[in-house]
There are 2 protein chains.
Amino acid sequence: MPRTHESHALTDLILEIFRLNGHLLTAGDQLMEPLGLTSARWQVLGAIDLADRSLSVAQIGRRMGLARQSVQRTVNDLERLGFITLEANPDHARARLVVLTEKARSALKEVDGVQAAWSGALAEGLSAERLTEAAGLLHDLTERLTASGGRARSASKPISMTPKGN
Amino acid sequence: MPRTHESHALTDLILEIFRLNGHLLTAGDQLMEPLGLTSARWQVLGAIDLADRSLSVAQIGRRMGLARQSVQRTVNDLERLGFITLEANPDHARARLVVLTEKARSALKEVDGVQAAWSGALAEGLSAERLTEAAGLLHDLTERLTASGGRARSASKPISMTPKGN
DNA sequence: GTCATAATGACAGTCGACTGTCAATTAAAC
DNA sequence: GTTTAATTGACAGTCGACTGTCATTATGAC
């Protein structure tokens, strides 16, 4: 199988994705470090906030495309840090509900402002059209991968950005 | 700070990057699972192969943009699995050289063929121009992030693709 | 040549993802 | 109403990245 032009271009693109992904993760962590949050922790809080009600660990996992075991670990950390409490679930004796504390709500508000400023600065001077076109291409690639392939290790590795927007 | 159009478009793009990154990692791992390799292991072998000589653990780390401790861990695994041997380094009493075994060389050859077929199939029907344009945009974003920001968690998370090409 | 500094491997520990397994619980089938 | 299947939390273990620290070894300055 000879390498086509497209194949080469795709390989380059993939390398850029890996590189940028790493930098974005780092940037996200730095953005909320002062608040005592990490990307993973923030994602969990965001999922609950977005749902507008309390959720069980397994529900959060499904919404985020993660294994429930991964979420469990993060939830344990968040409870220890006072961002959430675990309350009785009338619908399920074992599956307690993860509830945001006031500390979590104010942290989320804080992050939202910081993230808006950050993404605005990073996007400055770039045309919305180019950004959208690139996003569309990546979306296509994801579809091709998931269509032919099997389940992914993680449905998404979304981190820092947009707890609500999406 | 009001959210601009660009800011929104960027946020969408970022989410696509996280998603696709996860899928690509999975695909890469699946691609070389039959050979007993993982993305991280393959990367280390690829770095040595590309250098065309034996390298110390720290040298590999620098070339891959990883902490030498991460490489050390992988190298230990690779030695246990018979993909590499650690040989005396005339230039440094402690820093032994990581040397590829025949097993590693044949595995690398195998992966190269499989990866070519895989990326060819994934790229089919996509224009090289679109791919290149997107790669350029991501490259710009990486530059903006690294210019203003500090060091990244990992200079690159390259995995599966192109041990040699690059 | 000696001495301070940098590089190196090794070790311990953190973080975030995963898989697999188990017992308890809920829900569904019959 | 029982029995079976699916869901759930908890626990143990793997993998890949990170940081920090230590003693050893090279290297450079003087």
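Labels below follow one simple rule: chain letters A, B, ... track the order of the sequence lines, proteins then strands, and each chain is numbered from 1.
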Trp42(B) CH2 to dG16(D) P, in whole Å, measures 14 Å
Thr38(A) side chain near dC15(C) phosphate (N/O to OP1/OP2, under 4.0 Å): no
With distance as the sole criterion, do the side chain of Arg96(B) and the base of dG9(C) form a donor-acceptor contact below 3.5 Å? no
When rounded to whole Å, the CD to P distance for the pair Glu33(A) and dT14(C) reads 17 Å
Do any N or O atoms of the protein come closer than 3.5 Å to N or O atoms of nucleotides 25-29 of chain C, and which pairs are they?
| unit_1 | atom_1 | unit_2 | atom_2 | d |
| --- | --- | --- | --- | --- |
| dT26(C) | OP1 | Ala93(A) | N | 2.6 |

Rounded to whole Å, the CG-C1' distance (Leu81(B) to dG16(D)) equals 15 Å
Sequence neighbours left out, what pairs pass side-chain hydrogen bond (donor to acceptor under 3.5 Å, both in side chains) with at least one residue falling in residues 81-99 of chain A? Thr85(A)-Glu87(A)
Spacing between Ile60(B) atom CD1 and dG9(C) atom C1', to the nearest angstrom: 13 Å
Rounded to whole Å, CG of Asn76(A) lies from P of dT8(D) at a distance of 17 Å
Please determine whether any donor N or O and acceptor N or O are separated by less than 3.5 Å between the side chain of Gln69(A) and the base of dG9(D). no
Rounded to whole Å, the CG-C1' distance (Leu78(A) to dC15(C)) equals 13 Å
Which listed nucleotide (dT8(D), dA17(C), dT19(D)) is nearest to the side chain of Thr74(A)? dA17(C)
Kindly check if the number of other-residue, nucleotide or ligand heavy atoms within 6.0 Å of CD (Glu129(A)) is above 12? no
Decide yes or no on salt bridge (charged side-chain N to carboxylate O under 4.0 Å, His left out) for Lys109(B) and Asp112(B), but give the supporting numbers first. CA-CA 5 Å; Lys109(B) 202 174 293 183; Asp112(B) 200 47; over 6 Å; no
Do any side-chain nitrogens or oxygens of Arg73(A) fall under 4.0 Å of OP1 or OP2 in dG13(D)? no
Using the side-chain heavy atoms of Gln43(B), tell me which of these nucleotides is nearest: dT8(D), dA17(C), dA17(D). dA17(D)
To the nearest Å, give me how far apart CZ (Phe18(B)) and P (dA17(C)) are. 12 Å
Go through the side-chain N and O atoms of Asp29(B) and Ser39(B) and say whether any donor and acceptor fall under 3.5 Å apart. yes
With distance as the sole test, does Arg144(A) use its side chain to make a donor-acceptor pair with the main-chain N or O of Glu124(B) at under 3.5 Å? yes
Both Arg68(B) and Arg41(A) contact DNA chain C. Which one's nearest nucleotide lies toward the 5' end? Arg68(B)
Among the nucleotides dT8(D), dG16(D), dG9(C), whichever has the atom closest to the side chain of Ala40(B) is dG16(D)
Rounding to a whole Å, what distance do you find between Leu66(B):CG and dG16(D):C1'? 9 Å
Nearest of dT21(D), dA17(C), dA17(D) to any side-chain atom of Ser70(B)? dA17(D)
